[in-house]
Structure formats: C-alpha cells, structure tokens
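Just so we're on the same page: letters track the sequence lines, and every chain starts at 1. Both backbone and side-chain heavy atoms feed into the values below; hydrogens, waters and symmetry mates do not. Note that this is a predicted model, so its numbers are computed, not measured.
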Amino acid sequence: MQTETKEEFRVRVFTLIGAIPEGSVATYGQIAGLAGAPKHARAVGYLLKHLPAGSSLPWHRVINSQGKISFPPQSEKFRQQSELLRSEGVQVQGGKIALRQYQWC
DNA sequence: CCTTTGACGCTTG
DNA sequence: ACAAGCGCCAAAG
C-alpha cells in the first residue's frame, strides 16, 4: 500500500530524531535526508510542530541548516530549546549552536 | 480541486 | 555576516 510511504517517512523521522544522543544536534535537512527525502526538511518541521505535548522526542536537538534555533528570539520556545540544549552540554550563543558539525553518526 | 501556510534549504547580492 | 528571493513538498482550509 502507498499509505506506507507517508507513515514510513514519519516513523523514520521520529526514529532518527530519537536516535540523536545528548550533546549532539541535527538539522531538519539532515533528518529529512536520512529519512530518504532531502527536500522534506519542512515536512520534518511540520511533524515536530504537530508533536503531542507528552512525546519524549528530543525535538530540541533539531535545528536548521544555519546551525541556529528555528524560533524567533525571546520567544518561549526559543528559550526553552536553548535551555534544553545547554543542559545537555551544547553551547548556544544568540540562538546559534557553537558546534563545528551537526552530524552525530 | 485550488490556495495558503510553514519549527526549511540553497543561491545571490 | 546578513537580507531577500526562489524552490520544494506535505498538511490544512
């Protein structure tokens, strides 16, 4: 069935994000690419946006290609994500991740 | 069915 | 380093 494709993509995305270890971050494009759809970065963002409140998915470890948090500064989400990242040992400056690489494996 | 939106990405100036 | 424009695709209205 074709319905598997969308489902598969979603499952892959969730699995990949869940596989990001602490202290590491991945980009939306990276996740989409590993999920088999390099151009579906936005779809990844859509999925995260539609995340249930209780999901244990480390969404905060997903950032954009610019290595920055995809939230407007001073917004609650922005602050929360940067706090979570910092608590995992990721250095954040002005919404930008102080890392040289965004790949974890 | 068509239009709009969006937790993105890449190129150009 | 930063801003604007274009592309790309899925979900919602």
* Asked: Does A:Tyr28 get its side chain close enough to the base of B:dA7, under 3.5 Å, for a donor-acceptor pair?
  ->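 Indeed, a donor on one side and an acceptor on the other fall under 3.5 Å apart.
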
Atom-pair distance ([atom1] on [X]; [atom2] on [N]), nearest Å:
X       : N      : atom1 : atom2 : answer
A:Leu48 : C:dA11 : CG    : C1'   : 14 Å
A:Glu76 : B:dA7  : CD    : P     : 17 Å
A:Lys96 : C:dA1  : NZ    : C1'   : 8 Å
A:Leu47 : C:dA12 : CG    : P     : 10 Å
A:Tyr46 : B:dT4  : OH    : C1'   : 12 Å
A:Phe9  : C:dC9  : CZ    : C1'   : 9 Å
A:Arg10 : C:dA11 : CZ    : P     : 9 Å
A:Leu51 : C:dA11 : CG    : P     : 14 Å

* To do: Please name the pair of heavy atoms, one in A:Ser65 and one in A:Thr27, separated by the smallest distance, quoted to 0.1 Å.
  =>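 Looking at all heavy atoms of both residues, the shortest contact is CA-CG2, 4.0 Å.
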
* **Pair A:Glu88-A:His60, side-chain donor/acceptor within less than 3.5 Å** =>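 A:Glu88 vs A:His60: donor-acceptor pair found between side chains.
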
Please determine if a side-chain N or O atom of [X] lies less than 4.0 Å away from the OP1 or OP2 oxygen of [N].
X       : N      : value
A:Ser65 : B:dC10 : yes
A:His40 : C:dA10 : yes
A:Lys39 : B:dC10 : no

* **Selection from B:dG9, C:dA12, B:dA7 that lies nearest to any side-chain heavy atom of A:His50** =>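 Of the candidates, C:dA12 comes closest.
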
* Is the charged tip of A:Lys77 near the ring of A:Trp59: under 6.0 Å from the six-membered ring centre and within 45° of its axis? ->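 The answer is yes, since A:Lys77 meets both limits relative to A:Trp59.
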
* To do: Show the numbers, then the answer: is there a side chain to side chain contact (heavy atoms under 4.5 Å, CB included) between A:Phe78 and A:Ser70?
  => CA-CA 8 Å; A:Phe78 176 93; A:Ser70 300; over 6 Å; no

